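Just so it is clear, the values below take in all heavy atoms, side chains as well, and ignore hydrogens, waters and symmetry mates. None of the values given here were measured: they were computed from a predicted structure.
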Amino acid sequence: MTGFSGSPQVFKGALIGLDPLKPVASVVVFQYNPEKVTRRLRPKTTGSDGSEGEALRLSGPPEETFELDIEIDAVDQLANGDPVAESLGIAPQLASLEMMLYPPSALVIANEALMLAGLIEVIAPEAPLALLIWGPSRVLPVRVTDLTIAEEAYDPGLNPIQAKVTVAVRVLTYDDLGLASVGGGLFLVHQIAKEVMASMAGVSSFTATATAGLGGRA
């Protein structure tokens, strides 16, 4: 007996907003991992003006976006008598996602008070840095660019109990955040990991080609 059940443990994806004032307000561990994740990469080049010798120059890492379809429901919680699900359905989970698009209310109020007192020039508050966690090798700083929420079922109090959410995010790089920042450092680690994996793929392809070539001469 090895103790191995035959089914590997599935890593849960997550979207986490790093807000030191409200550390658990924007923590969304996916109830069900999306069946499909759409990624788009667009290179940042300096050769768009057609200058000779500039066509292949890169001004930074590519612009990368993710789109994920997330399902959230309260079936299990309701079956287990969860008091939060019984009173609010999945509204708290949806609120956790939505808060990644809101400035902190305390900061909004404080800025308004200071502005009315003539003490500061108001600067737009920043959203908390968000991290998309999609497996151990992909922990990426991101900005949520779009949320589409389709509420599909409700309890008697019209609290949503089932929804499908499409989340679109843009990956933030060291160009956006600065290399010395937490997010910039995380992205650099991600890029280095990609470089290592690309080298592994190259070595594997070369070895397979060489082996096939030797076999063909026999």
Shared hydrophobic cluster for Leu158 and Val84 (ILVMFWY, side-chain gaps under 4.5 Å): no
Pair Val139-Val189, side chain to side chain contact (heavy atoms under 4.5 Å, CB included): steps then yes or no: CA-CA 9 Å; Val139 179; Val189 170; over 6 Å; no
Trace of the side chain to side chain contact (heavy atoms under 4.5 Å, CB included) decision for Val171 with Thr65: CA-CA 6 Å; Val171 176; Thr65 60; over 6 Å; no
Nearest-0.5 Å distance, CG of residue Leu41 to CD of residue Glu63: 10.0 Å
Other residues, nucleotides, ligands: >12 heavy atoms within 6.0 Å of Lys44 NZ: yes
Test item: Glu151 and Gln162 side chains (from C-beta on) under 4.5 Å apart, heavy atoms: no
Single-linkage hydrophobic cluster Leu18~Leu186, side-chain heavy atoms < 4.5 angstrom: yes
From NZ (Lys194) to OG (Ser199), nearest 0.5 Å: 13.0 Å
hydrophobic_cluster_shared for Leu132 and Val37, side chain cutoff 4.5 Å: yes
Those residues that, when tested against Tyr174, pass ring-ring contact (aromatic ring centres under 6.0 Å, His included) (two or more places apart): Phe187
Side-chain touch Ile149/Leu94, heavy atoms, less than 4.5 angstrom: yes
Electrostatic pair Glu64:Arg40 at N-O distance under 4.0 angstrom: no
Exam field: side chain Gln31 to backbone Asp73, donor-acceptor pair closer than 3.5 Å: yes
Check: Ala168 main-chain N/O paired with Thr145 side-chain donor or acceptor under 3.5 Å: yes
Closest approach of Gly89 to Asp155 (non-hydrogen atoms, all atoms of both residues): N-OD2, 4.5 Å
Option among Val142, Thr38, Leu140, Val167 that satisfies the side chain to side chain contact (heavy atoms under 4.5 Å, CB included) test with Phe66: Leu140
From CE (Met197) to OG (Ser137), nearest 0.5 Å: 5.5 Å
Distance-minimising heavy-atom pair for Ala74 and Ala85: CB-CB, 4.4 Å
Close side-chain approach of Leu78 to Asp82, heavy-atom, < 4.5 Å: no
Nearest-0.5 Å distance that lies between atom CZ in Arg143 and atom CG in Leu129: 10.0 Å
Atom OH of Tyr102: over 12 foreign heavy atoms under 6.0 Å: no
Sidechain-backbone polar pair: Asp69 side chain, Glu35 backbone, donor-acceptor under 3.5 Å: no
Euclidean distance, Ile72 CD1 relative to Phe30 CZ, rounded to 0.5 Å: 9.0 Å
Close side-chain approach of Ile16 and Val28, heavy atoms under 4.5 Å: no
Pairwise side-chain contact, Asp176 with Thr173, heavy-atom cut-off 4.5 Å (strictly under): yes
Check: Glu67 and Thr166 side chains under 4.5 Å, non-hydrogen atoms: yes
Where Asp175 and Ser59 come nearest, the two heavy atoms and their spacing: OD2-O, 3.7 Å
Beyond-backbone contact of Glu71 with Tyr32, side-chain heavy atoms, under 4.5 angstrom: yes
Heavy-atom pair with the smallest gap, counting every atom of Pro34 and Ile70: CG-CG1, 4.3 Å
Shortest non-hydrogen contact from Leu15 toward Met100: O-CE, 3.4 Å
Heavy atoms of other groups near Arg170 CZ, more than 12 under 6.0 Å: yes
same_hphob_cluster(Leu131, Val182) at 4.5 Å side-chain heavy-atom cutoff: yes
Test item: Met115 and Glu112 side chains (from C-beta on) under 4.5 Å apart, heavy atoms: yes
Atom of Gly13, atom of Asn33 and distance for their closest heavy-atom approach: N-OD1, 2.9 Å
Side chain to side chain contact (heavy atoms under 4.5 Å, CB included) between Leu188 and Leu179, worked out: CA-CA 8 Å; Leu188 182 62; Leu179 188 57; 3.6 Å; yes
Approximate separation, where rounding is to 0.5 Å, of Gln77 CD and Leu88 CG: 12.5 Å
